[in-house]
Each structure stands twice: as structure tokens, then as C-alpha cells.
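Owing to the predicted nature of the structure, the values given are computational and were not obtained by experimental measurement. Remember, it's 1-based here, ligands and their atoms both numbered in the order they're listed. Counting from 1, the numbers follow the sequence of the chain as shown.
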Amino acid sequence: MSKKNTYKIAAIPGDGIGLEIIPVGMKVLDSAAGKFGFRLQYEQFPYGAAYYKKTGFFLPPDGLEVLKAFDVLYFGAVGLPDVDDTLPAKLFTFKVRTGFDQYVNYRPARLLPGVEGPLRNKKPQDIDLVVIRENTEGEFVQSGGFVRPEFPDGMAMDTSVFTRKGIERVALYSFELARRRRKRVTNVTKSNTLIHSLAYWDQIVEQVRASYPDVQYSKMYVDNASANLVLHPEKFDVIVTTNFIGDILSDLGGAIMGSLGLGPSGNINPEKTYPSMFKPIHGSAPDIAGRGIANPIGTIWAGALMLEHLGERQAADCIVRAIEATVKQGVLPLDLGGSAKTTEIADEIVKNVESTNQ
Ligand code: ATP
């Protein structure tokens with residue numbers, strides 16, 4: 001498939017530090033585009049919690065229709081302290097993920113050389129994994145209800161939904177990814193207690209596995225996997241897991257990298273029928289917003305994942321190398337024990353993009 005020369009990007013900074021990190025991310029992406037000979041055409045959208053306070057919508061009724069015209073979405077974070085914190089997921093993130101069938105949530109966790117992670121004795125080669133989280137069904141379908149909640153015999157229910165199609169496609173993606181990495185897949189569930197839904201999950205993942213005899217496969221329960229991520233992260237290459245478990249494990253992945261500010265994520269529609277969405281793993285961090293001190297690395301790295309998704313592999317690799325060089329030089333944000341401002345870090349990454357040999 002031939003590559004395009006111009007890509008249309010919907011930039012959605014959102015709220016809080018989103019307004020600071022997306023613009024600097026765009027600057028770094030532009031420097032890579034200039035170097036590798038393609039163009040990025042951005043249109044910015046104000047969607048998010050502040051927009052909700054003004055209009056009553058996180059995403060306007062025609063939002064998905066408008067965004068559908070773009071190749072990809074470059075997204076910061078949504079949420080404000082004075083807006084109900086159940087709304088951003090319900091009215092924005094889940095709508096985009098399901099509306100655009102972004103069934104893969106791709107979250108790499110790597111210890112960058114030069115970052116002191118929280119795990120003593122672990123080196124960069126020990127922490128290099130990807131959590132593939134099923135992203136459109138499972139525990140987060142928001143199907144449920146209350147029965148007499150205000151009475152002593154009140155009840156509440158949430159129903160999880162797992163489909164053969166949903167499990168099969170995320171498993172396929174994970175095994176294919178493992179083939180391009182260290183050829184190891186760990187399937188993380190809790191199928192010893194969720195004996196219907198997650199036993200079905202295991203069964204289907206293992207059917208898919210049969211076509212990948214070259215990939216080493218193991219199954220781990222989430223309690224054990226959490227302990228192993230801290231004690232022996234080197235055991236993991238690709239983790240395939242459910243929506244809820246993946247939500248938690250990928251934050252743990254972010255934590256063992258050294259800071260939530262470092263982690264990137266992709267909400268991916270692998271078939272490219274719809275735009276995929278790339279964002280940092282952290283939220284809008286209102287406690288530090290407006291001070292110019294947010295760590296932009298997770299957002300810039302998410303931009304690199306976005307370029308890779310668009311087929312610009314060299315440019316993506318160049319950005320990741322520029323991030324590594326910047327961190328190694330000791331240009332670190334506050335959350336990593338340094339004092340560099342958001343823009344200073346991004347400017348250094350731009351310099352490193354420009355000077356990296358190809
Ligand atoms: P969400 O529910 O949307 O994930 P949250 O409120 O749980 O959001 P964050 O907004 O990610 O969490 O913030 C958690 C903590 O991490 C805050 O103290 C915040 O300041 C810090 N933090 C998050 N992102 C960054 C960043 N990019 N740079 C520096 N600190 C950050």
C-alpha cells in the first residue's frame with residue numbers, strides 16, 4: 001500500500017494540561033514530518049469538560065460524523081474537578097472508542113535509559129512490554145441498573161459482555177504484534193473465579209493461539225500478573241487482557257516506567273475503517289494545569305505511535321529516539337525529578353529529531 005503525503009489530524013487538547021501538551025506534541029510531529037517529507041494538516045476541536053459546561057455536550061451530536069473525516073485523532077485528556085467524573089468516559093471516551101470501533105487499546109511500557117524507575121535493580125532491558133487491552137466491550141459496556149437503591153435491600157448490577165468476535169480480534173492483534181516483537185503472549189484474566197465470561201475468553205484466545213506455534217504463550221491470573229509486573233517485569237512481552245483488567249495493568253505499566261506522564265496509548269481500529277485515537281495515558285491533571293510544568297513525553301510518544309499507525313515508521317522511530325536522547329541528556333520534567341518546563345522538553349526533543357542521523 002502506498003503511503004499518503006498529507007495526513008488529516010483532528011487535534012483535541014481537551015481540558016487541564018491537555019491544552020499545554022497537545023500543542024507541543026504537534027510541534028514535535030511537525031519537525032519529524034518536515035524531516036521525513038510528509039505533511040500534517042491539523043484541525044483543532046474544543047471538545048471536553050469545559051465545552052460541556054458551555055454547551056451541555058462533551059462531544060456534539062454530530063461530533064463523530066465530523067471526526068470521521070480525519071485520518072487520526074490526537075487527543076490530550078478530558079475532565080475538570082467541578083464536572084461529574086463519570087461523564088468524561090460516558091460522554092466522550094467510550095463514545096469515540098465504540099463509535100469508531102477502536103477495539104485495541106495499545107499501551108507500551110518501557111523503562112527509558114536515564115529514567116530512574118521505582119523498581120530497584122531493573123534496567124531498561126527488563127521493562128519493555130505492551131499491554132493490549134480489549135477496548136469496546138467486557139466489563140465497561142455500562143449495561144446495568146439499580147433496584148430500590150435507597151432501601152435497606154437495595155441492589156446494583158453491572159453486566160459484562162464478551163463476544164466471540166470481540167475476543168478473537170483482539171487476540172489476533174496480540175499474536176501478530178508478538179510476532180513483530182519478542183514472540184511472547186501472556187493472557188491475563190481471572191477465569192478461575194469469573195468462570196463463564198473469562199473462561200470463554202481463555203477458550204477463544206487459545207483457539208487463536210493454535211495458529212501461532214512460533215509464539216510462546218502463557219496464561220496468568222491478574223493477581224499474580226500484578227505481582228509479577230512489579231517483581232519480574234522481564235517476564236512480559238505482549239499482555240492481552242480485558243477492558244477492566246487492562247485499564248489497571250496498563251497504569252501499573254505506566255508506574256513502573258517511572259511516571260504517569262511518560263506513558264502513551266493508542267485506541268486503535270486496526271482495519272482503518274475509522275480514525276484511531278492517540279493520547280497519553282494520564283488524565284487532565286488539574287492540580288498542575290496552567291503552570292507549564294506538565295510532562296509532555298507521554299503525549300509526544302503517543303504522537304509517534306500515531307505516525308507509525310499512519311505508516312510513517314521511520315519518523316515514529318526517530319521521535320522515540322529523540323525522546324530517549326532528551327531523557328539521557330538529563331532534560332527532565334518535575335515528575336521525573338528534573339526542573340525542565342513542558343516547552344523546554346519539547347524544544348529539546350525537536351532539536352534531537354532534527355539532529356538524529358537516519
Ligand atoms: P483520569 O481519571 O482522567 O485518568 P486522574 O485524575 O486519575 O485522571 P491524572 O489527571 O492523570 O489522574 O493525574 C494523576 C496525578 O498524576 C496528578 O497528581 C497529576 O498532577 C499527575 N500527572 C498526570 N499527568 C502528568 C503529567 N503529564 N506531568 C506531570 N504530572 C502528571
[X] bridged to [Y] by N-O distance under 4.0 Å:
X    : Y    : answer
D71  : K8   : no
D237 : K183 : no
E168 : K165 : no

In terms of relative ring orientation, are F92 and F75 parallel, tilted or perpendicular, with 30° and 60° separating the classes? tilted
Taking the six-membered ring for Trp and the full ring for Phe, Tyr or His, determine whether the centres of F140 and F244 are under 6.0 Å apart. yes
Taking atom types as modelled, is there a side-chain donor on N228 or N224 under 3.5 Å from an acceptor on the other? yes
For ligand 1, what is the set of protein residues having any non-hydrogen atom at a distance below 4.0 Å? I17, L260, G261, H282, G283, S284, A285, D287, I288, A294, N295, D335
